[in-house]
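Comments concern the structure below.
Note that ligands are numbered from 1 as they come in the structure, with each ligand's atoms numbered from 1 the same way. None of the values given here were measured: they were computed from a predicted structure. In what follows, every heavy atom counts, from backbone to side chain, and hydrogens, waters and symmetry copies are set aside.
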Amino acid sequence: MRIDIITVLPELLESPFSHSIMKRAQSRGLLEVHTHNLRQYTPYKQAQVDDYQFGGGAGMVMMPEPLALAIEALQKDRTYDEIIYMTPDGELFNQKMANKLSLKGNMIIICGHYKGIDERIRQHYITKEISIGDYVLSGGELAAAIVVDAIGRLLPGVLNDETSALFDSFQDNLLAPPVYTRPADFRGWKVPQELLSGDPKVIDAWRHEQSLKRTAERRPDLLNEDE
Ligand code: ADE
């Protein structure tokens, strides 16, 4: 999978992909993440990429021309399955969407700033708009990093234990069960007997029951979702 991120703040996106699982995904050749500074594509003086909005009102809008030129420059070299715009009025990101996106090949992600991007880019280039939650960030970069992380770890071969993503919270619409490690008795707080039983059936049943209990307590909405 290849992901090209168009941003006015490429520096913000250096660290999130340089460590741990995202680093491994790239070094194994399973994921390529490229960031592109939007200012390099603008035809305007002083690397201008935003302007006042028509109709008046506070806040700048990202101009269509630099965005169109950046997208078209990338499209010259390959085709893209999705051109994604990170925006608080997009579709709410969740595990199901991460699963679906992890099956794609090449994607562009555009990070918005200020009041957002000119509507014409949304109409004519963007194929998917994603929000990571009902709050407004100062830009789309951190949201893009979250989406790439959630997708990247799902790519086959990225996680060492191939099965581990299958048991994450939200796969099957259930939260993950509690987990414990050594010691079995920490300050008198004991690990549940079932987990120490050595019987896979007992362990699986306990985990499933705990998942259901936790989901019912914390996220009853998930139990009513389809699929
Ligand atoms: N840009 C600003 N806020 C955002 C959000 N909540 N999700 C995605 N992109 C954003």
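Sorted pairs that involve residues 14-27 and meet salt bridge (charged side-chain N to carboxylate O under 4.0 Å, His left out), not counting sequence neighbours, are lacking altogether. For residues 44-73, no residue pair satisfies the ring pair (Phe, Tyr, Trp, His ring centres under 6.0 Å) rule, not counting sequence neighbours.
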Please give the N or O to N or O pairs under 3.5 Å between ligand 1 and the protein, distances rounded to 0.1 Å.
residue	atom	partner	partner atom	Å
ligand 1	3 (N)	Leu137	N	3.0
ligand 1	6 (N)	Gly133	O	3.1
ligand 1	6 (N)	Tyr135	O	2.8
ligand 1	7 (N)	Ile132	N	3.0
ligand 1	9 (N)	Thr87	N	3.2

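Grouping the Ile, Leu, Val, Met, Phe, Trp and Tyr side chains by contacts below 4.5 angstrom, directly or via other members, places Ile5 apart from Tyr85.
Residues Met1 and Glu32 are not in side-chain contact: their nearest non-hydrogen atoms beyond the backbone lie 4.5 Å or more apart.
A donor-acceptor pair shorter than 3.5 Å can be found between the side chains of His36 and Asp4.
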Side-chain donor-acceptor pairs of residues 186-201 under 3.5 Å, sequence neighbours excluded:
residue	atom	partner	partner atom	Å
Ser197	OG	Glu194	O	2.7
Ser197	OG	Asp199	N	3.2
Asp199	OD1	Lys201	N	3.0

